[in-house]
2 protein chains.
Amino acid sequence: MQHLEQMSDKPTTIKEIAKLLDISVSTVSRALNDHSSIGLITKMRVKKMAKELNYEPNQRAIQFLQGKSHTIGVILPELAESFFSAAISGIEDIAYKRNYTVLLAQSHDDADREKLLIEKMKMQRVDGLLISVSKTTNTYEHFEAFKKSNIPIVFFDRIPPVKNIHFVASNLESGTFEAVNFLLKKGHRTIGMINGPTNLVASTERKNGYIKAMTSHRLKFDPSLMVNCDLTEAGTIESMDNFLNHKRKPTAIVTFNDYVALFAIRYARSLNIQINKDIDFVSYANLPLINYMDFTPIASVEQFPYKQGKKAADILLDLINKPKSDSDAEPAYYNVVVESELIIGKEK
Amino acid sequence: MQHLEQMSDKPTTIKEIAKLLDISVSTVSRALNDHSSIGLITKMRVKKMAKELNYEPNQRAIQFLQGKSHTIGVILPELAESFFSAAISGIEDIAYKRNYTVLLAQSHDDADREKLLIEKMKMQRVDGLLISVSKTTNTYEHFEAFKKSNIPIVFFDRIPPVKNIHFVASNLESGTFEAVNFLLKKGHRTIGMINGPTNLVASTERKNGYIKAMTSHRLKFDPSLMVNCDLTEAGTIESMDNFLNHKRKPTAIVTFNDYVALFAIRYARSLNIQINKDIDFVSYANLPLINYMDFTPIASVEQFPYKQGKKAADILLDLINKPKSDSDAEPAYYNVVVESELIIGKEK
DNA sequence: TAAATTTACACAAACGTTTGCACAACAATC
DNA sequence: GATTGTTGTGCAAACGTTTGTGTAAATTTA
């Protein structure tokens with residue numbers, strides 16, 4: 001049997017197989033899909049020919065036909081940020097496992113670009129959208145529009161202030177609570193916190209966790225031990241000075257993130273303060289390198305971005321594949337909070 | 001005019017617009033695409049109706065029809081690695097700018113999974129593929145197969161040992177040359193290098209750069225000043241001991257990467273060696289945090305992953321859009337080497 | 001042996017869009 | 001008043017695949 005050397009041009013189609021075997025396309029299709037109504041001999045012939053011609057089903061055609069793209073859109077602010085790159089890693093892992101494909105884009109924290117991307121994703125007919133909204137996003141109608149088109153959205157980490165949405169987010173309150181609790185149990189009574197700007201939810205969560213831990217130990221919250229820092233090095237140093245000159249000098253300090261921890265520790269060392277001796281430090285994990293450093297916080301609050309990404313992707317795919325809203329008036333919304341957790345530094 | 005409340009179910013199609021306006025689909029299509037042969041009035045009517053119904057062209061259908069997906073596949077080993085997350089960021093930026101869409105997947109350095117992903121990408125009919133091959137990949141026929149299907153591939157950073165391919169990679173030789181040169185100019189004559197395993201191309205490049213710099217200063221290469229390290233902390237310490245007990249004790253050390261630098265510096269400090277005083281350190285930039293640390297290398301070789309990602313994407317898109325190989329027998333291959341560069345530590 | 005059932009296949013429609021071609025209506029030219 | 005040209009529109013095919021329905025031939029049943 002000599003059928004033209006497979007021309008390395010256009011991919012083989014089901015039609016060509018049909019023509020070469022002198023059977024109908026439908027038979028070929030069914031044969032390839034092991035449909036019961038096709039004879040064994042025909043199946044074999046078709047499959048053999050398909051393999052010979054390197055046939056590969058055109059997914060685009062199938063997706064178009066079935067109105068399903070088997071693709072999820074993912075919009076993140078910035079892939080270079082380690083939190084998000086860890087998250088996308090988890091998202092892709094789940095998508096791969098569940099046989100979905102990931103369409104990726106970054107908003108660069110630009111609300112306009114984000115809006116455009118959402119539009120694009122809709123036109124691409126993604127089966128679902130996973131998004132961590134940009135910092136500058138302050139209108140939310142486009143999400144509503146997306147929702148109307150019956151494509152599920154799962155929000156992730158940065159959640160818009162809108163009702164009736166699915167989301168996965170971490171709660172820093174629990175981790176902060178644990179962190180402060182841990183310090184209290186170690187005997188500390190004067191615990192400073194270098195918190196972030198007051199307009200961040202993350203700052204509020206930290207504050208609440210702090211207060212909760214204090215009151216749970218029947219200690220009252222001293223507001224002067226919590227400073228709001230702009231997270232720069234200068235701001236950090238200022239905050240540290242504030243504490244060091246405080247009438248109640250903290251014996252432990254919780255810092256907003258690893259950068260702040262770094263600045264604070266460096267500054268403290270320059271003043272000959274013994275790290276984790278004179279003052280214990282606790283931070284929030286966001287940088288991979290921190291564990292390799294000389295003077296690191298004795299513990300840090302972990303947010304599990306990889307795990308969060310997986311969870312969010314799983315929820316989205318569940319939503320996509322759920323057995324069609326059985327006319328239930330009020331659908332249930334996934335509001336998953338991944339509790340943060342205190343990780344106590346490994347010795348050495 | 002009262003046409004049914006837009007049912008928030010299936011997206012509007014061109015057909016519905018046609019029916020409502022009682023004109024043909026072809027007219028609607030042309031009107032929306034501002035085809036010259038459609039009357040102004042009709043155009044207006046169509047556009048108005050399209051807007052009213054929130055019409056959005058079904059890209060999947062168009063892609064299918066035109067046999068172009070306007071999508072590039074990107075396969076990277078590990079998104080959580082900062083080199084690759086910086087790269088994907090650049091890739092996505094270019095793709096976005098040039099109106100392409102990014103299909104992302106990670107191989108996790110698993111050759112089998114990589115093969116599968118390539119297969120998937122082909123079935124998805126991506127217009128091009130960008131890939132950094134996994135560490136375990138040792139057969140390359142699947143790339144050939146891909147190539148046969150006329151979909152361009154651009155290899156990125158980790159290049160397979162195959163002829164006639166497009167690639168973008170960094171060359172560490174130039175940066176290493178600069179680094180050693182820099183140290184020589186500072187007066188150092190005994191420069192140690194903690195290199196990586198010999199089987200890595202990256203190790204060879206470093207070695208070559210080192211030798212080149214030495215010979216350019218009419219110094220001869222002392223092999224005992226270059227050790228191959230397994231890049232663990234223990235290995236690094238061993239390497240350091242080697243140097244410190246050497247008859248020619250190095251006054252400067254080049255480390256394979258930031259982790260090694262960290263280990264080496266930490267160990268040196270534990271021996272009360274003054275960093276960048278008794279011994280100058282130079283490393284290769286791969287971790288964002290390094291700049292924030294107390295004792296950092298005085299300089300580091302930068303590979304510009306973001307820039308490399310952009311470059312690779314640009315090349316791929318050029319290949320995709322090039323005016324169809326005008327029957328030229330031997331196509332030209334892009335072999336772009338992004339030279340690495342020495343960045344001298346910012347003061348303070 | 002006729003009827004009923006099963007087996008194995010073909011036909012054709014459908015998905016949403018673009019595009020070559022045909023064609024009508026009307027205006028302009030000779 | 002016949003020809004040519006222009007303008008605006010519709011028809012139908014095409015892309016690759018799946019799938020409902022129709023229908024011969026082969027097999028079983030009565």
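Every chain is numbered from 1 and lettered A, B, ... according to where its sequence line falls, protein lines coming before strand lines.
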Per-helix bend value, the helix from C:dT1-D:dA30 to C:dC30-D:dG1, C1' rotation axes over five pairs per end, 10° rounding, shows 60°
So, with a heavy-atom separation below 4.0 Å from DNA chain D, the residues of residues 29-47 of chain A are A:Ser29, A:Arg30, A:Asn33
Between CG of A:Leu21 and P of C:dA8 the distance, given in whole Å, is 16 Å
A:Asp109 meets the salt bridge (charged side-chain N to carboxylate O under 4.0 Å, His left out) criterion, sequence neighbours left out, with A:Arg158
Span of DNA chain D engaged by chain B, first through last nucleotide within the 4.0 Å heavy-atom cut-off, is D:dG8 to D:dG16
Per the under-4.0 Å heavy-atom filter, residues of residues 120-129 of chain B near DNA chain D come out as none
Show me, pair by pair, the donor-acceptor contacts under 3.5 angstrom made by side chains of residues 88-95 of chain A, not counting sequence neighbours?
{"unit_1": "A:Ser89", "atom_1": "OG", "unit_2": "B:Gln106", "atom_2": "OE1", "d": "3.4"}
{"unit_1": "A:Ser89", "atom_1": "OG", "unit_2": "B:Gln106", "atom_2": "NE2", "d": "3.1"}
{"unit_1": "A:Glu92", "atom_1": "OE1", "unit_2": "B:Gln106", "atom_2": "N", "d": "3.3"}
{"unit_1": "A:Glu92", "atom_1": "OE1", "unit_2": "B:Gln106", "atom_2": "NE2", "d": "3.4"}
{"unit_1": "A:Glu92", "atom_1": "OE1", "unit_2": "B:Arg113", "atom_2": "NH2", "d": "3.3"}
{"unit_1": "A:Asp93", "atom_1": "OD1", "unit_2": "B:Gln106", "atom_2": "NE2", "d": "3.3"}
{"unit_1": "A:Asp93", "atom_1": "OD1", "unit_2": "B:His108", "atom_2": "NE2", "d": "2.6"}
{"unit_1": "A:Asp93", "atom_1": "OD2", "unit_2": "A:Tyr306", "atom_2": "OH", "d": "2.5"}
{"unit_1": "A:Asp93", "atom_1": "OD2", "unit_2": "B:His108", "atom_2": "NE2", "d": "3.3"}

Sorted by chain and number, sequence neighbours left out, side chain to side chain contact (heavy atoms under 4.5 Å, CB included) with A:Ser36 holds for none
In short, salt bridge (Lys or Arg N to Asp or Glu O under 4.0 Å) pairs touching residues 96-105 of chain B with sequence neighbours left out are B:Arg98-B:Asp314, B:Arg98-B:Asp318
Distance col, row B:Ile118:CD1 vs B:Leu129:CG, nearest 0.5 angstrom, shows 6.0 Å
Looking only at heavy atoms, the pair that brings B:Pro305 and B:Ala86 closest together is CG-CB, 3.7 Å
With sequence neighbours left out, the residues meeting side chain to side chain contact (heavy atoms under 4.5 Å, CB included) with A:Ala111 are A:Ser134, A:Thr136, A:Thr137
The residue, B:Leu65 or B:Ser24, whose nearest nucleotide of DNA chain D is more 5′ is B:Ser24
Those residues at least two apart in sequence (or on a different chain) that pass ring-ring contact (aromatic ring centres under 6.0 Å, His included) with B:Phe143 are B:Phe155
When B:Ser26 and B:Phe64 are each assigned the nearest nucleotide of DNA chain C, the 5'-most assignment goes to B:Phe64
Salt bridge (charged side-chain N to carboxylate O under 4.0 Å, His left out) filter on A:Lys47, not counting sequence neighbours, yields A:Asp34
Quiz prompt | Any A:Thr27 side-chain nitrogen or oxygen under 4.0 Å from OP1 or OP2 of C:dC9 | solution = no
Applying side chain to side chain contact (heavy atoms under 4.5 Å, CB included) to B:Asp127 and not counting sequence neighbours gives B:Lys68, B:Ser69, B:His70, B:Tyr100, B:Ile320
Contact between A:Tyr334 and A:Lys311 at the side-chain level, heavy atoms closer than 4.5 Å - yes or no? no
Between A:Val133 and A:Pro160 the two heavy atoms that sit nearest each other are CG1-CD, 4.0 Å
message = When you compare the side chain of B:Ser132 with that of B:Pro77, does any pair of heavy atoms fall below 4.5 Å?
response = yes
